[in-house]
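Residues: numbered from 1 along the sequence shown. Counting convention: from 1, in listed order, for ligands and their atoms alike. Just so you know, these numbers come straight off a predicted model, no measurement behind them.
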Amino acid sequence: MPPDSTAEECERCHKKALYGIEDRCRACNHPRPPNVRFARDFVQAVEDRFQEACKNHGTRPGLKEFQRFAQKTKAVVNVKVEWACSFFNGAKILYAPYGKQVEGEVRAPADPDEDRQRLGIEVLMYGSYSHYITYAALSGDGRGLTSYGPVHMELDEATFDFRATVLEENSYSFVTRHGLGPGTPTPFPPGRLAVWRDRHKLAVAKLASDVRERMADSDCCQLLLRSTDDRKTDDFLEVHIYGTFNFQAVKRVRLSQPESAGELTDLKKLILPLRFRELQETLEGWGIEWSEA
Ligand SMILES: [Zn+2]
């Protein structure tokens with residue numbers, strides 16, 4: 001097969017990439033995040049949706065400000081405080097995707113229904129590479145989804161911008177809404193998955209009709225991400241990062257108050273504040289900024 005003259009070159013060995021979404025160059029094995037490669041197919045479609053939203057809502061006061069705000073958004077991963085304590089205590093501990101954790105037998109699968117659904121959805125998004133994707137939420141202020149835990153870890157852009165894509169909603173509702181089940185001849189809907197640097201275009205395409213005049217930063221944050229303490233009703237743009245990261249990828253941490261005290265056992269009520277204090281001390285030791293969420 002002759003090389004496709006339009007195919008991307010490997011940035012390392014400059015050979016033409018002959019095949020689809022592989023995670024490394026076939027010639028020199030240099031890594032290339034397959035989710036980013038996949039999203040590049042939709043750059044024009046994202047641009048078209050963005051332009052369409054600007055055309056339909058361009059006169060809407062506040063849209064330009066919202067677009068500028070969306071350009072500064074961050075990727076945030078939420079975890080439980082117990083987990084964060086060990087994560088920040090060891091440079092060797094990695095935040096790894098669910099599928100890889102199960103495969104590596106460091107965690108048991110979720111309940112059967114959830115496990116099947118979770119793996120099925122992931123595979124429908126990225127096929128063979130779905131096991132390597134870690135998930136974050138697109139956030140305006142460093143606060144993410146408390147349904148995953150009260151510790152909001154804002155990631156340092158330099159550690160992931162080259163390996164991240166953004167989906168306009170969470171994968172569960174995306175796959176279901178667009179009928180992307182196996183055996184369905186539905187192609188992946190164009191214009192819904194963006195490379196990281198185009199995330200503001202996706203945000204505008206999704207939310208332009210909800211933008212109002214004189215929105216404060218907090219209003220923009222709310223529009224971009226609605227954290228409801230319930231994964232089924234959380235509404236956000238989902239960030240997909242190829243591969244793992246350790247605590248060095250975390251730039252800033254915000255801490256929400258954990259579950260309401262009424263639901264905690266007496267022992268938990270005693271331990272949790274100590275855990276939070278331990279985490280705060282560890283973060284201070286590393287020089288990682290933290291604040292109350
Ligand atoms: Zn190469």
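- Stacking of R192 on the aromatic ring of F174 is not recorded, the 6.0 Å distance cut-off and the 45° axial limit not both being met.
- Separation of the F188 and F38 ring centroids falls under the 6.0 Å cut-off.
- Salt bridge K251/E157: absent, no basic N to carboxylate O contact under 4.0 Å.
- No option in W196, Y135, Y95 other than W196 meets the ring-ring contact (aromatic ring centres under 6.0 Å, His included) test with F160.
- Annotation: protein N, O or S atoms under 2.8 Å of the Zn ion (ligand 1) (waters excluded) comprise C10 SG, C13 SG, C25 SG, C28 SG.
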With salt bridge (Lys or Arg N to Asp or Glu O under 4.0 Å) as the criterion, how do D115 and R118 come out once you've worked through the C-alpha distance, each side chain's angles and the decisive distance to 0.1 Å?
CA-CA 5 Å; D115 180 62; R118 199 161 168 171; over 6 Å; no

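- A salt bridge links K206 to D235: at least one charged side-chain nitrogen sits closer than 4.0 Å to a carboxylate oxygen.
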